[in-house]
Amino acid sequence: MDKKLVSREEDYSKWYNELVVKAGLAENSAVRGCMIIKPYGYAIWEKMQSQLDKMFKETGHENAYFPLFVPKSLFEAEEKNAEGFAKECAIVTHYRLQNDPDNKGKLRVDPKAKLEEELIIRPTSEAIIWSTYKNWIQSYRDLPILINQWANVVRWEMRTRLFLRTAEFLWQEGHTAHETENQAIEETKMINNLYADFAENFMSMPVIKGVKSKNETFAGAEKTYCIEALMQDGKALQAGTSHFLGQNFAKAFDVKFADREGKLNYVWATSWGVSSRLMGALIMTHSDDRGLVLPPKLAPYQVVFVPIYKNDEQLDSISKLVKELRYRFSEKGITTKFDNRDTKRPGEKFAQHEIQGVPIRITIGPKDLEKKSLEIFRRDSLKKEFIEIDKSVDHVIHLLEQIQTNLYSRALNFRDENITEVDNFEDFKNVLESKGGFISAHWDGTDETENKIKELTKATIRCIPEQGEFSSGKCIFSGKPSAQKVLFAKAY
RNA sequence: CGGGAUGUGGCGUAGUUCGAUUAGCGCACACGGCUGGGGGCCGUGGGGUCGCAGGUUCAAAUCCUGUCAUCCCGACCA
């Protein structure tokens with residue numbers, strides 16, 4: 001099979017890029033670091049979006065939309081947040097172009113159109129949102145505010161990678177305001193659990209829930225909760241974060257409310273987000289050498305019908321059957337597509353749907369019509385079977401469930417096999433070099449040790465896990481006492 | 001911003017060391033036909049002036065200078 005994609009042993013990033021392009025998910029744009037999301041990729045994103053949106057709404061959140069531009073004075077209000085993002089901001093300084101007198105047919109920036117105050121293109125929206133919340137909140141009766149926004153943000157990254165890191169990306173960001181510290185913390189945790197639920201039950205991607213070390217905590221947050229996933233090349237990927245912001249933004253933007261006793265208090269805040277990076281996570285969790293593998297719950301269509309025919313009469317009778325089947329499938333909530341393009345041959349269609357990760361393919365030809373059966377192919381195991389037409393609907397329902405859980409358990413096995421317990425720094429380095437994956441080890445809790453390990457090995461603390469072993473021990477690097485093991489890994 | 005590399009039809013490339021036919025090939029594309037149960041076959045055809053600017057030369061994709069862009073490796077990050 002010389003036509004398959006670059007094999008796993010070869011450069012993983014090349015493999016990843018080729019896959020993204022060949023599957024028709026996205027491509028690089030002419031603008032450096034930016035990405036064009038193609039229809040098929042966007043369809044998957046929309047699936048994720050609508051599911052997450054539903055989950056947010058079920059937990060009491062509403063959608064709203066805030067401006068793309070953040071005046072610099074607002075942006076710098078919360079100092080830590082501003083400092084954290086300053087190095088990667090795109091800035092609007094002018095609002096008009098004019099004909100260039102020295103260069104016919106070209107335009108130039110009109111020097112007279114300089115903005116009095118620069119506008120930052122949001123790298124995240126805390127600033128603009130909290131400057132707004134100030135006006136919305138007077139009393140505890142105005143709380144909580146539970147708002148989510150679907151938006152694009154810009155972070156001027158040095159090095160980019162399709163979906164995983166692009167200069168502009170799509171995401172959702174939740175921004176909530178609460179009466180008490182406890183309520184805000186509960187919200188932060190609830191959202192992190194919601195993200196984990198989404199990752200595991202919809203993306204079939206196992207994640208580890210935990211808290212970030214101080215070093216890795218979001219700029220401006222008190223505490224960052226996260227979900228961490230492991231990719232097939234042994235690198236970790238931060239899949240979602242939920243931040244407890246304390247009163248930092250309330251103080252920076254002077255957002256006070258009258259509490260139940262009539263006293264003025266700063267409100268408590270959270271923010272949380274997942275981005276189009278989840279697309280990258282999805283790809284890097286399940287794909288194989290034939291291409292993308294999609295969990296049925298996120299596939300733009302779950303079943304594709306491919307007809308095989310020699311003449312119009314054959315196609316007609318196949319089409320008739322497909323039409324009926326599609327109707328029966330859609331009654332059961334299964335999404336289908338009939339690939340009756342006359343411009344491609346079956347073999348090419350098979351290959352294309354495999355690259356695109358369609359969970360189930362049903363092939364129908366004259367032989368099947370005769371035998372009243374169908375050829376059903378599942379993408380995850382690459383196995384074919386023949387099923388009687390009358391039993392096909394129930395069978396496909398069952399198969400889709402199986403694929404969904406099979407993908408999860410496959411990924412879970414891989415993940416668990418790649419968590420290594422380590423007791424000393426030598427082993428730590430060896431495992432990191434040879435095997436990769438997560439390394440569970442004791443850490444003394446200091447920034448200093450964390451930075452030193454990062455410097456020496458490029459591994460960072462992905463999270464302090466919520467669950468697992470809590471026995472105390474000695475830090476593998478400094479030998480100082482440690483309360484619990486934390487997870488290290490090289491990360492995207 | 002530091003280190004390395006590369007720019008040749010839509011994509012991938014050969015040619016560059018050592019200057020010389022009409023810049024070659026594969027894929028893709030278009031047309032015709034055979035086909036059709038895993039990226040099939042045959043034939044025909046269209047499309048490039050070699051990233052850009054300048055220089056050397058009888059002659060430049062090839063040599064020189066400058067410039068722009070992209071990619072990879074670092075630092076930074078969801």
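Below, chain A is the first sequence line, B the second, and so on; all start at residue 1. Everything quoted here is computed from the prediction, not taken from an experiment.
Remark: RNA chain B takes part in the stems B:1-7 with B:68-74, B:10-13 with B:24-27, B:29-34 with B:40-45, B:51-55 with B:63-67, each of 3 or more antiparallel Watson-Crick or G-U pairs, criterion distances under 3.5 Å.
For B:rG39, the base has no donor-acceptor partner in the side chain of A:R290 [N/O atoms by modelled type, under 3.5 angstrom]. Side chain A:E348 to base B:rG40: no donor-acceptor pair is found below 3.5 Å. Counting atom types as modelled, A:K349 pairs no side-chain N or O with a base atom of B:rG37 as donor and acceptor under 3.5 Å.
Within the nucleic acid shown, A:F85 has no heavy atom closer than 4.0 Å to any nucleic acid atom. Looking at heavy-atom distances under 4.0 Å, A:R161 makes no contact with the nucleic acid at all. Among the protein residues, A:K212 comes within range of no part of the nucleic acid, since none of its heavy atoms lies under 4.0 Å from any strand. When heavy atoms are screened at a 4.0 angstrom cut-off, A:T166 is found touching base atoms of the nucleic acid. Across all strands shown, A:L164 has heavy atoms under 4.0 Å from base atoms, whether or not it also approaches the sugar-phosphate.
For A:F350, the ring pair (Phe, Tyr, Trp, His ring centres under 6.0 Å) test picks out no residue, with sequence neighbours left out. Evaluation of the ring pair (Phe, Tyr, Trp, His ring centres under 6.0 Å) rule for A:W268 yields no partner, not counting sequence neighbours.
Residues in residues 353-378 of chain A take part in no ring pair (Phe, Tyr, Trp, His ring centres under 6.0 Å) pair, two or more places apart or across chains. For residues 216-227 of chain A, the salt bridge (charged side-chain N to carboxylate O under 4.0 Å, His left out) pairs, not counting sequence neighbours, are A:E216-A:R462. Every pair passing ring pair (Phe, Tyr, Trp, His ring centres under 6.0 Å) that includes a residue from residues 297-320 of chain A is listed here, sequence neighbours excluded: A:F305-A:F329. The ring pair (Phe, Tyr, Trp, His ring centres under 6.0 Å) analysis of residues 210-243 of chain A, with sequence neighbours excluded, yields the pairs A:F85-A:F218, A:F218-A:H243. Among pairs with a residue in residues 356-369 of chain A, those fulfilling salt bridge (charged side-chain N to carboxylate O under 4.0 Å, His left out) read A:E354-A:R361, A:R361-A:E375, at least two apart in sequence or across chains. Sorted by first then second residue, the salt bridge (charged side-chain N to carboxylate O under 4.0 Å, His left out) pairs that include residues 297-324 of chain A, not counting sequence neighbours, are A:E324-A:R328. Here salt bridge (charged side-chain N to carboxylate O under 4.0 Å, His left out) pairs that include residues 83-94 of chain A, with residues two or more places apart or in two chains, number zero.
Taking the six-membered ring where the residue is Trp, the centroids of A:F428 and A:F488 are separated by under 6.0 Å. Side-chain rings of A:W45 and A:F163 stay apart, their centers remaining 6.0 Å or farther from each other.
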Measure all distances between protein nitrogen or oxygen atoms and nitrogen or oxygen atoms of nucleotides 44-47 of chain B, and list the pairs falling under 3.5 Å.
none

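Separating the C1' atom of B:rG51 from that of B:rC71 is a span of 15 Å, rounded to the nearest Å. Atom P of B:rG47 sits at a distance of 34 Å from the matching atom of B:rU56, rounded to the whole Å. The gap from the C1' atom of B:rA75 to that of B:rG4 amounts to 16 Å, rounded to the nearest Å.
The A:E157 side chain lies nearest to B:rC76 when the options are B:rC76, B:rG74, B:rG36.
Comparing A:R345 and A:I364 by the nucleotide of RNA chain B that holds the closest heavy atom to each, the one mapping nearer the 5' end is A:I364.
Contacts of residues 193-211 of chain A with RNA chain B (heavy atom under 4.0 Å): none.
Rounded to a whole Å, the CD atom of A:E88 is 13 Å from the C1' atom of B:rA75.
No more than 12 heavy atoms of other residues, nucleotides or ligands sit less than 6.0 Å from atom CD of A:E388.
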